[in-house]
Enquirer: 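Please see the structure below; I have some questions.
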Amino acid sequence: MIDLKQLRENPDVVRASQTARGDDPALVDLALEADATRRSSLAAFESLRAEQKALGKQVAKASGEEKAELLARTKELARQVKDHQATANTAQERLDEILWEIANIAQGAPAGGEDDFVVLRTEGTPRDFGAEGFTPRDHLDLGEGLGAIDTQRGAKVSGSRFYYLTGVGARLELALLNMAMDQAVAEGFTPVITPTLVKPETMRGTGFLGKHADEIYRLEKDDLYLVGTSEVALAGYHADEIVDLAGGPLRYAGWSACYRREAGSHGKDVRGIIRVHQFHKVEMFSYCRPEDAAAEHERLLAWEENMLAKVELPYRVIDTAAGDLGSSAARKFDCEAWLPTQERYLELTSTSNCTTFQARRLGVRERTEDGSTRTVATLNGTLGTTRWIVAILENHQREDGSVYVPAALRPYLGGLEVLEPVKG
RNA sequence: GGAGACGUCGCAUAGUCAGGCCUAGUGCGCCACCCUGCUAAGGUGGUAACGGUGCAAGCCGUUCGCGGGUUCAAAUCCCGCCGUCUCCGCCA
């Protein structure tokens with residue numbers, strides 16, 4: 001949720017952000033209107049309520065005829081108080097409804113939609129398989145050859161977009177995620193294994209129940225949601241708390257399974273494990289002071305790039321356009337690895353600066369030096385996911401179907417330097 | 001799944017049975033000041049969040065797990081929900 005004070009003082013900034021995102025700028029005026037209604041109705045209720053309380057005290061002291069007369073007056077007053085309270089409540093609810101619909105204010109992100117990103121940098125050079133004299137195989141071919149990926153049985157047991165990781169596939173995922181965890185811990189993150197089922201208010205607070213609510217699994221019977229990322233559980237971790245940021249940002253590295261319905265992506269990335277309903281991820285999450293958020297965002301990006309360097313992948317960094325941010329982010333950087341068989345870049349990491357948007361919805365504040373409280377900023381970023389296996393297999397494949405293991409990963413694979421095919 | 005106990009201002013606790021003097025008391029902790037040549041001890045005052053209003057000091061409202069209800073008036077009475085703990089059952 002954006003800051004109501006800011007909306008009052010700089011409505012144009014919010015309107016511009018809504019427009020850049022392709023959202024409705026008229027919401028801003030609806031909010032201002034609702035806020036005015038709320039304030040006037042609240043003032044009316046509060047003065048009546050004060051009068052009622054004062055009269056109530058007199059009732060307690062009075063007796064006899066005097067009391068009867070007071071009771072008559074105060075009865076009528078009570079009725080009015082109730083009416084005004086209802087009006088004030090309605091106005092408050094109306095305002096909340098609108099405020100919860102307004103997305104975070106984009107900051108520095110290019111305007112436009114999914115295709116309007118800006119490429120910030122390109123790192124590493126894709127291999128020239130033509131020069132090497134062979135046609136690269138895609139990750140599923142390779143994965144099946146290695147006995148690492150089994151989508152057939154995944155579909156048999158759970159349906160499309162499910163898979164088994166077996167043998168070196170399972171080991172590779174564990175290796176990658178353990179390496180990610182170790183890096184995070186070395187950088188001072190607190191490792192956390194999070195719940196993957198959360199209550200509606202937590203899911204709503206993180207901003208995932210807006211336009212993309214269809215992406216999320218919901219357990220109707222229990223009124224719980226399956227998280228699409230541990231960001232959700234980590235954002236909720238300090239909900240309704242006043243945290244201490246005097247010693248710097250609070251940084252958590254979440255390890256969790258992630259679940260996505262992939263509604264509306266029928267026919268897209270149907271082969272292999274690029275786009276699946278369940279995967280595993282190590283996610284960085286940071287609570288910091290609002291003025292430190294931009295710098296923290298750069299740090300999260302740098303840590304992501306560290307991981308990409310360790311697995312020796314060519315990638316580019318993009319600055320996501322406003323319309324592709326998701327409702328909570330003010331800015332988002334994605335790292336996309338080169339995918340040789342599709343000759344395109346594939347998102348491997350995503351880091352978002354949610355400024356105070358999520359924290360305000362979730363009630364995460366800090367104590368300032370003057371003793372007051374204020375909302376903190378939250379950020380998140382990917383350190384590793386199952387999908388990385390796709391890029392690792394394809395980029396590090398050799399003509400015989402074996403796969404080179406990046407040096408940094410070897411300690412996590414018992415020293416294995418090459419993944420060898422299990423058959424022909 | 002069954003039974004019971006509990007949920008109060010950072011922590012601990014009083015208040016709930018008998019609704020109004022609760023503007024939620026007390027202790028601890030914390031902060032400021034005073035006193036004591038230092039330290040210990042002591043004294044005085046302060047000590048929540050959110051919102052409204054005001055240039056400001058301040059004033060007002062809301063919040064006693066959450067949501068409803070009864071009443072002129074609810075921490076207190078009634079209903080529903082959530083959470084914690086204990087015991088029993090069931091399953092690891």
Side-chain angles (χ1 to χ4, degrees), chain A residues 1-9 11 31-100 102 194-195 197-205 218-225 232-233 236-247 250 287 289-290 356-377:
Chain A
M1 175 157 52
I2 61 165
D3 184 3
L4 179 57
K5 279 198 190 89
Q6 187 183 2
L7 183 126
R8 273 183 210 146
E9 286 160 18
L32 289 172
E33 205 179 295
D35 181 42
T37 306
R38 160 183 156 271
R39 286 199 278 175
S40 64
S41 60
L42 193 59
F45 157 69
E46 285 185 354
S47 67
L48 276 173
R49 177 68 176 149
E51 194 183 340
Q52 183 193 28
K53 283 173 78 169
L55 268 184
K57 269 171 203 160
Q58 291 181 38
V59 171
K61 288 179 202 151
S63 60
E65 214 169 284
E66 191 190 0
K67 184 160 190 164
E69 193 198 316
L70 277 171
L71 275 180
R73 272 175 65 197
T74 202
K75 248 179 187 165
E76 166 61 14
L77 194 56
R79 202 184 53 75
Q80 289 178 19
V81 166
K82 220 169 194 174
D83 284 354
H84 279 78
Q85 181 168 38
T87 308
N89 283 347
T90 305
Q92 177 76 59
E93 280 162 22
R94 166 89 180 130
L95 174 63
D96 282 346
E97 231 170 76
I98 297 164
L99 281 181
W100 277 73
I102 297 176
T194 70
L197 287 166
V198 301
K199 296 192 207 175
E201 59 259 39
T202 305
M203 191 54 89
R204 208 180 306 119
R218 171 153 183 257
L219 300 191
E220 184 98 33
K221 261 190 173 171
D222 302 285
D223 202 15
L224 290 169
Y225 291 92
V232 177
Y237 189 65
H238 285 303
D240 298 316
E241 293 180 20
I242 295 174
V243 296
D244 184 1
L245 298 180
L250 296 179
Y287 294 87
R289 294 186 164 150
T356 57
F357 186 87
Q358 280 183 332
R360 185 168 294 105
R361 289 171 154 229
L362 290 163
V364 188
R365 293 160 297 161
E366 68 156 331
R367 179 83 52 196
T368 60
E369 283 186 15
D370 67 10
S372 61
T373 63
R374 67 165 179 171
T375 304
V376 305

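In what follows, every heavy atom counts, from backbone to side chain, and hydrogens, waters and symmetry copies are set aside. Order of the sequence lines fixes the chain letters, A, B, ..., with proteins taken first and strands second; residue numbering starts at 1 for each chain.
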Enquirer: At under 4.0 Å, does any side-chain N or O of A/Arg367 touch on OP1 or OP2 of B/rA48?
Expert: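 No, outside the criterion.
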Enquirer: Say you pick atom C1' in B/rC28 and the same atom in B/rC87; how far apart are they, in whole Å?
Expert: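 Comparing C1' positions in B/rC28 and B/rC87 gives a spacing of 34 Å.
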Enquirer: Expressed in whole Å, how much space separates the P atoms belonging to B/rC59 and B/rC64?
Expert: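 Those two atoms are separated by 22 Å.
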Enquirer: Surrounding CD of A/Glu33 (heavy atoms of other residues, nucleotides or ligands, distance under 6.0 Å), is the total greater than 12?
Expert: no
Enquirer: To the nearest angstrom, how far is A/Arg38 atom CZ from B/rU62 atom C1'?
Expert: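 About 12 Å, once rounded to whole Å.
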Enquirer: Is a side-chain donor-acceptor pair under 3.5 Å present for A/Gln52 with A/Arg49?
Expert: yes
Enquirer: For atom P, what is the distance between B/rG89 and B/rG80, given to the nearest Å?
Expert: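 Straight-line distance between the two P atoms is 28 Å.
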Enquirer: What does B/rU86 pair with, Watson-Crick or G-U, if both distances are under 3.5 Å?
Expert: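 Checking every strand shown, B/rU86 finds its partner in B/rA3, with both distances under 3.5 Å.
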Enquirer: How many Å lie between CZ on A/Arg8 and P on B/rG52, as a whole number?
Expert: 5 Å
Enquirer: By nearest nucleotide on RNA chain B, pick out whichever of A/Arg39 and A/Asn89 is the more 5' one.
Expert: A/Arg39
Enquirer: Counting any heavy atom closer than 4.0 Å, what does A/Leu42 reach on the DNA or RNA strands: base, sugar-phosphate only, or nothing?
Expert: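 Since only primed, P, OP1 and OP2 atoms lie under 4.0 Å of A/Leu42, the category is sugar-phosphate.
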Enquirer: Which nucleotide in the set B/rC72, B/rC50, B/rG61 lies at the smallest distance from any side-chain heavy atom of A/Phe45?
Expert: B/rG61
Enquirer: Considering only B/rC72, B/rG52, B/rG61, which nucleotide approaches the side chain of A/Arg49 most closely?
Expert: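 For A/Arg49, the side-chain atoms sit closest to B/rG61.
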Enquirer: Sticking with atom P, work out how far B/rG25 lies from B/rG68, rounded to a whole angstrom.
Expert: 27 Å
Enquirer: Taking the P atom of each, how far is B/rU39 from B/rG51, in whole Å?
Expert: 42 Å
Enquirer: Rounded to whole Å, how long is the line connecting atom CD1 of A/Ile242 with atom P of B/rC9?
Expert: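 One finds 14 Å between P of B/rC9 and CD1 of A/Ile242, rounded.
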Enquirer: Would you measure the distance from the C1' atom in B/rG19 across to the matching atom in B/rA73 and give it in whole Å?
Expert: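 Result for the C1' pair: 8 Å, nearest Å.
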Enquirer: If pairing requires Watson-Crick or G-U wobble contacts with both distances under 3.5 Å, which nucleotide is the partner of B/rG37?
Expert: none
Enquirer: Evaluate whether atom CZ of A/Phe45 has more than 12 neighbouring non-hydrogen atoms of other residues, nucleotides or ligands under 6.0 angstrom away.
Expert: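 Enclosed: over 12 neighbouring heavy atoms sit under 6.0 Å from CZ of A/Phe45.
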Enquirer: At under 4.0 Å between heavy atoms, what does A/Arg365 touch on the DNA or RNA strands: base, sugar-phosphate, or nothing?
Expert: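 Counting heavy atoms under 4.0 Å across all strands, the contact made by A/Arg365 is with sugar-phosphate only.
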Enquirer: A/His84 has an atom NE2; how far is it from atom C1' of B/rC60, in whole Å?
Expert: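 Checked: the NE2 to C1' distance equals 16 Å.
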Enquirer: Starting at the 5' end of RNA chain B and moving along, which residue's nearest nucleotide shows up first, A/Gln52 or A/Gly56?
Expert: A/Gly56
Enquirer: So which nucleotide does B/rA73 pair with, by the Watson-Crick or G-U wobble rule with both distances under 3.5 Å?
Expert: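 In the structure as shown, B/rA73 has no Watson-Crick or wobble partner.
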Enquirer: Would you say A/Lys82 reaches B/rU70's phosphate, i.e. side-chain N/O to OP1/OP2 under 4.0 Å?
Expert: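 The answer is yes; a side-chain N or O of A/Lys82 sits under 4.0 Å from OP1 or OP2.
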Enquirer: Is there a Watson-Crick or G-U wobble partner for B/rA32 with both distances under 3.5 Å, and which nucleotide is it?
Expert: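 Answer to the pairing question: B/rU44, which forms a Watson-Crick or G-U pair with B/rA32.
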Enquirer: Any side-chain N or O of A/Arg73 under 4.0 Å from OP1/OP2 of B/rC72?
Expert: no
Enquirer: Checking base pairs now: Watson-Crick or wobble, both atom distances under 3.5 Å. What partners B/rU62?
Expert: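 Partner of B/rU62: B/rA49.
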Enquirer: Which pair of non-hydrogen atoms, one from A/Arg289 and one from A/Leu245, has the smallest distance, and what is that distance?
Expert: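 Looks like N-CD1, 3.7 Å.
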Enquirer: Rounded to whole angstrom units, what separation is found between the CG atom of A/Asp96 and the P atom of B/rC50?
Expert: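 Rounded to whole Å, this separation is 16 Å.
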Enquirer: What closest approach, in Å, do A/Arg38 and A/Leu95 show between heavy atoms, and which atom pair accounts for it?
Expert: CD-CD2, 3.5 Å
Enquirer: For nucleotides B/rU62 and B/rA12, find the distance between their P atoms and express it as a whole number of Å.
Expert: 27 Å
Enquirer: Distance between the C1' atoms of B/rA75 and B/rU13, in whole angstroms?
Expert: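 Nearest-Å result for B/rA75 against B/rU13 at atom C1': 15 Å.
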Enquirer: Contact class for A/Ser47 (heavy atom, under 4.0 Å): base, sugar-phosphate, or nothing?
Expert: nothing
Enquirer: Has A/Glu69 got more than 12 heavy atoms of other residues, nucleotides or ligands less than 6.0 Å from its CD?
Expert: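 No - once you tally the heavy atoms of other residues, nucleotides and ligands closer than 6.0 Å, there are 12 at most.
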Enquirer: Is B/rC22 paired to anything, Watson-Crick or G-U wobble with both distances less than 3.5 Å, and if yes, which nucleotide?
Expert: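 In the structure as shown, B/rC22 has no Watson-Crick or wobble partner.
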Enquirer: Would you mind classifying the nucleic acid contact of A/Gln92 as base, sugar-phosphate or nothing, using non-hydrogen atoms under 4.0 angstrom?
Expert: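 It contacts nothing in the nucleic acid.
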Enquirer: Mind checking who B/rG54 pairs with, Watson-Crick or G-U wobble, both distances under 3.5 Å?
Expert: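 WC or wobble partner does not exist here.
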Enquirer: Watson-Crick or G-U wobble partner for B/rG67, using a 3.5 Å limit on both distances?
Expert: B/rC79
Enquirer: Measure from CG on A/Leu77 to P on B/rA73 and round the result to the nearest Å.
Expert: 9 Å
Enquirer: Tell me the interatomic distance from A/Leu48, atom CG, to B/rG52, atom P, rounded to whole angstroms.
Expert: 18 Å
Enquirer: Going from CD on A/Gln85 to CG on A/Leu42, what distance comes out if it is rounded to the nearest 0.5 angstrom?
Expert: 10.0 Å
Enquirer: How close or far is atom P of B/rC72 from atom CG of A/Leu55, stated in whole angstroms?
Expert: 13 Å
Enquirer: So does A/Arg73 have more than 12 non-hydrogen atoms from other groups sitting under 6.0 Å from CZ?
Expert: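 Incorrect, the count does not exceed 12.
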